[in-house]
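Computation of the quantities below employed the complete heavy-atom set of this structure, encompassing side-chain atoms and omitting hydrogens, waters and symmetry-equivalent molecules. The first residue of the sequence shown is numbered 1, and numbering continues consecutively from there.
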Amino acid sequence: MKRFTQWFVALSAIAIASSCSREVSDTTGWDYNNPGIGGFQKVPYVDQETGPGLLLVEGGTFTMGRVEDDVMYDWNNRPRRLTVSSFYMDQTEVTNFHWLEYMYWISRAYQSYPMIYKNALPDTLVWRSELGFNEKYVEYYFRHPAYRDYPVVGVSWLQANDYCKWRTDRVNEYILIREGILNFNINQADEATFNTESYLNGQYEEEIRQNLTDLDPSNATGKKGKDLGERQVRMEDGILLPRYRLPTEAEWEFAYYGLIGNMSGEDSEVISNRRIYPWDGHFVRQENEEFQGEIRANFVRGRGDYMGVAGNLNDGADVTAPVDSYWPNDYGLYNMAGNVAEWVLDVYRPLSSEDVDEFRPFRGNVFQTKVLNNAGAVAYKNFQVEYDVHGMKEYLNEFERVRYQRVSAEKHDPNDTVIQKGLMKTNESKHPVARGYAPDPFYVSHDFTKDSMELEIIANINAVLDKAIAFRNDKYNTEASMVIQEELFDGIFADEIRIGPLGEEYAFEIISLLRDGFQEFIIDTPGKLKYRNVTEEENIGRLNYRRADYIDYVDGDIESSIHYDNTKRKNDINQARRDPDLVMYQSRHEEYDLRGANIKPGGDDRTAWPTTLVSNKSRVYKGGSWKDRAYWIVGGNRRFLDEDQSTDYIGFRCAMDRIGSPTGMNYSRKNRK
């Protein structure tokens, strides 16, 4: 494959040596690629390169949603005709070995921040069950080579997105190395790690081997400015790939069915049969004579039947199976039905099928823009870990409530040495029932006695979090994260040791627990550009959108609630007297907010209480798994789980936008004849 840099050198030589073969603009008549008259470049471009592991899914129109009886009575997938653009999707689910490669890179690149590595670890404890013995999967499934080609599980939606970002940067870094632009840099660390957006904005200068020739005469060097300068790769060069990401729900379901295989003729626009599964027919077993009776996917066929009968194990898998098992669908994608369910990008709403656009439907937009400095240039990239300090405070509140059997922050006195008897029987849950208490009792194992040293440590941690929150509320985000890093992770967590009567050292249990819990609130890692949500002020006059967050749009915001015409309530929100999240799909669980104020106005006004499992953190996952009955392997069915949670039956695969022609080679279907 010719290197892009060679093309640029050839272009430069042609531009300087000859004018007879120059390409000119068909709007101005000026030459392209001629430094003598300005040097505006038109680079050679054929087609988008297919990223590693991806297959092209040619888009089109299809009917998304229910294809059989809604036996769960969810009524959350009304059939509707939509259009999906062409895109790329992983041929298989992401495997344990793929994730181990990811973990290895993180362990080397972020040695100064071990919490980043720990935050990326899959939760292997998802395999445990109260009445099942699954310890072999806890200990071996993720790391043992026997499972290296099996789908990774125990990965949350947030972790899956972090993996997609990492993969984008590693693939684009390799492309630049392959094209002779960068040298291999095997010792990347912290803010010096390669990031695609940082590179495109001129904030990655490590290990540059040879930049592209710059035809802009303003940047010429040498005597009398006759030597052309150099420049970094730009988006206009078409060298770098778009980002890897999770597929949207519509994309996943479109790719699932593979209806391209059901076209009634070569030039026909008629799909002969609508599918229930990624194959034709109503059966989950093969109908072809050669494989007749073979199970087509990995799922539970009946009560207690996960793998078939000894001597003839039909699906050959007790839990998951290798990601290239069974037959691929007509796009060449494996295990779209069964094996593991898969995360998609969308936020869950029961009525999304009625609300979303007909073209490229999606719920979950939060529009952001790069942070700029006072000069209007892109602010310098992160040089440290950035933390969600408000989320850490909420987590600590929940931790204290469970550990000390308190009902709320206000009703818990940290100076008490025992747990009050009136609170020891019940514990408030994240989603209170009618009386505000969880229905199940919660027991403690330390004789209802509070550890005074623990209480002191928690008080110190609260003080650090309050300090960080004050910085964050004043928009000093860097200082807020520095406080967490220096005073919490490098301070309290590193210094607090319990000394025994013989001088031996013991770790505090709560420090180990809180360290693991707080690691989940990492927002960003070093080396990446800083982003912020857009504001309504900067979008004045814009017709297509105004605010940043459209997750609740027409399903969760006040305009779509029973309070749509309540002027007082709207004014309370506008004047910051009421939280706009406490409308319909309320996600907060505390009775009191972070400052101790009651978020349940009027006491009995349950309109502000949590009333549903659905929140803005509820993410859709699609398809069935090794743990599901056949109902869930139907492509139209949908479920949801909080974005920070994981299970032993949810995995994922990555997708990528298709740029330009939907069919390839930048030609329409008609022009290809």
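In this structure, Asn373 contributes its side chain and Ala375 its backbone to a donor-acceptor pair below 3.5 Å. Distance alone, capped at 3.5 Å, is enough to place a donor-acceptor pair between the Arg363 side chain and the Tyr553 backbone. Side chain of Thr61 to main chain of Leu82: a donor-acceptor pair is present (N/O by atom type, distance under 3.5 Å, no hydrogens or angles). Listed for the Asp237 side chain is no donor-acceptor partner under 3.5 Å among the backbone atoms of Val233. The closest donor-acceptor contact from the side chain of Thr28 to the backbone of Ser25 lies at 3.5 Å or more, if one exists at all. Looking only at distances, a side-chain donor or acceptor of Tyr550 sits under 3.5 Å from a matching main-chain atom of Arg547. In terms of modelled atom types and a separation under 3.5 Å, the side chain of Asn533 and the main chain of Gln368 share no donor-acceptor contact. Remark: side-chain polar atoms of Asp216 are not paired, donor with acceptor, to backbone N or O of Gly39 under 3.5 angstrom. Ser560 places a side-chain N or O within 3.5 Å of a backbone atom of Asp555 that can act as its donor or acceptor partner. Judged by distance alone, with hydrogens and angles left aside, the side-chain atoms of Asn539 form no donor-acceptor pair with the main-chain N or O of Arg542 at under 3.5 Å.
You'll find the side chain of Arg658 stays beyond 4.5 Å of the side chain of Thr50, heavy atoms only. Looking at Tyr88 and Leu55, their side chains never come closer than 4.5 Å, going by heavy atoms from C-beta outward. The shortest distance between side-chain heavy atoms of Ser86 and Thr663 does not fall below 4.5 Å. Taking 4.5 Å as the limit, some side-chain heavy atom of Glu342 sits within range of a side-chain heavy atom of Glu93. Considering only heavy atoms from C-beta on, Leu345 comes within 4.5 Å of Asn161 through its side chain. You'll find the side chain of Val385 reaches within 4.5 Å of the side chain of Ile116, heavy atoms only.
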**Message:** Would Met64 and Phe254 count as a side chain to side chain contact (heavy atoms under 4.5 Å, CB included) here? Give the steps.
**Reply:** CA-CA 8 Å; Met64 181 178 176; Phe254 180 86; over 6 Å; no
**Request:** Might you work through the side chain to side chain donor-acceptor pair (under 3.5 Å) test for Ser353 and Asn77, ending with a clear yes or no?
**Result:** CA-CA 6 Å; Ser353 59; Asn77 57 348; over 6 Å; no
**Request:** Could you go through the side chain to side chain contact (heavy atoms under 4.5 Å, CB included) check for Leu372 and Val378 one step at a time?
**Result:** CA-CA 4 Å; Leu372 306 180; Val378 176; 4.2 Å; yes
**Request:** Would you please test Lys622 and Glu253 for side chain to side chain contact (heavy atoms under 4.5 Å, CB included) and show each step?
**Result:** CA-CA 8 Å; Lys622 298 282 285 184; Glu253 192 169 328; 2.8 Å; yes
**Gln41/Glu236 under side chain to side chain donor-acceptor pair (under 3.5 Å): CA gap, chis, key distance, verdict** = CA-CA 9 Å; Gln41 292 185 335; Glu236 296 92 319; over 6 Å; no
**Prompt:** Please walk me through it: do Thr63 and Arg80 pass side chain to side chain contact (heavy atoms under 4.5 Å, CB included)?
**Reply:** CA-CA 5 Å; Thr63 301; Arg80 184 182 176 195; over 6 Å; no
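Looking at every heavy atom in both residues, Pro52 comes nearest to Val171 through CD-CG1, 3.9 Å. Here the shortest heavy-atom pairing between Asp330 and Arg275 reads OD2-NH2, 2.7 Å. Phe62 and Ala250 get closest at one heavy-atom pair: CZ-O, 3.8 Å. Taking each heavy atom of Ser198 and Gly527 in turn, the nearest pair found is OG-O, 2.8 Å. Minimum interatomic distance between Val344 and Trp252 (heavy atoms only, all atoms of both residues): CG1-CB, 3.7 Å. Nearest heavy-atom pair, Val347 versus Gly364, reported as atom, atom and distance to 0.1 Å: CG2-CA, 4.0 Å.
Atom CD in Glu643 sits 7.5 Å away from atom OG in Ser615 (nearest 0.5 Å). Atoms CD and OG, on Gln48 and Ser661 in that order, are 10.5 Å from each other to the nearest 0.5 Å. From Glu191, atom CD reaches atom CG of Asn382 across 10.0 Å, with rounding to the nearest 0.5 Å. With rounding to the nearest 0.5 angstrom, the CG atom of Leu215 is 11.5 Å from the CD1 atom of Ile37.
Exactly one of Tyr163, Tyr621, Trp343 qualifies for a ring-ring contact (aromatic ring centres under 6.0 Å, His included) with Phe652. That residue is Tyr163. Under the ring-ring contact (aromatic ring centres under 6.0 Å, His included) rule, Tyr102 has a single partner from Trp99, Tyr104, Trp105, which is Trp99. Checking Leu176, Leu529, Thr168 one by one against Thr196, the side-chain contact (heavy atoms from CB on, under 4.5 Å) holds for a single residue, Thr168.
At most 12 heavy atoms of other shown residues, nucleotides or ligands fall within 6.0 angstrom of atom CG in Asn374. Atom OH of Tyr117 has more than 12 heavy atoms from other residues, nucleotides or ligands within 6.0 Å. No more than 12 heavy atoms of other residues, nucleotides or ligands lie within 6.0 Å of CZ in Arg243, so this atom counts as exposed by the packing criterion. More than 12 heavy-atom neighbours from other residues, nucleotides or ligands sit within 6.0 angstrom of CZ on Phe362.
By the 4.0 Å N-to-carboxylate-O rule, Lys381 lies too far from Asp524 to be salt-bridged with it. A salt bridge does not link Glu197 to Lys528: none of the charged nitrogens lies less than 4.0 Å from a carboxylate oxygen. Salt bridge Arg81/Glu358: absent, no basic N to carboxylate O contact under 4.0 Å. We find that Arg234 and Asp214 are not joined by a salt bridge, their nearest charged nitrogen and carboxylate oxygen being 4.0 Å or further apart. A salt bridge links Glu251 and Arg245; the closest N-O separation between the charged side-chain nitrogens and carboxylate oxygens is under 4.0 Å. Note on Arg167 versus Asp162: no salt bridge recorded, every NZ/NE/NH1/NH2 to OD/OE distance being 4.0 Å or above. Salt bridge status for Glu49 with Arg178: present, with a side-chain N to carboxylate O gap under 4.0 Å. Arg349 has a carboxylate O that lies under 4.0 Å from a charged side-chain N of Asp552, or vice versa, which qualifies the two as a salt bridge.
Side-chain contact check for Arg231 and Asn219: no donor-acceptor pair (N or O, by modelled atom type) lies under 3.5 Å. Under the 3.5 Å distance criterion, with hydrogens and angles disregarded, no donor-acceptor pair is assigned to the side chains of Tyr348 and Arg619. With 3.5 Å as the limit, one finds no donor-acceptor pair spanning the side chains of Thr92 and Asp324.
Within the cation-pi definition used here (under 6.0 Å to the ring centroid, within 45° of the axis), Arg638 does not qualify as a partner of Phe640.
Ring centroids of Tyr545 and Phe367 are separated by less than 6.0 Å, placing the two rings close together. Between Phe521 and Tyr387, the ring center distance fails the sub-6.0 Å criterion.
Scored by the side chain to side chain donor-acceptor pair (under 3.5 Å) test, Tyr257 finds no partners at all (sequence neighbours excluded). For the ring-ring contact (aromatic ring centres under 6.0 Å, His included) test, residues two or more places apart in sequence or in another chain that qualify with Tyr204 are Phe194.
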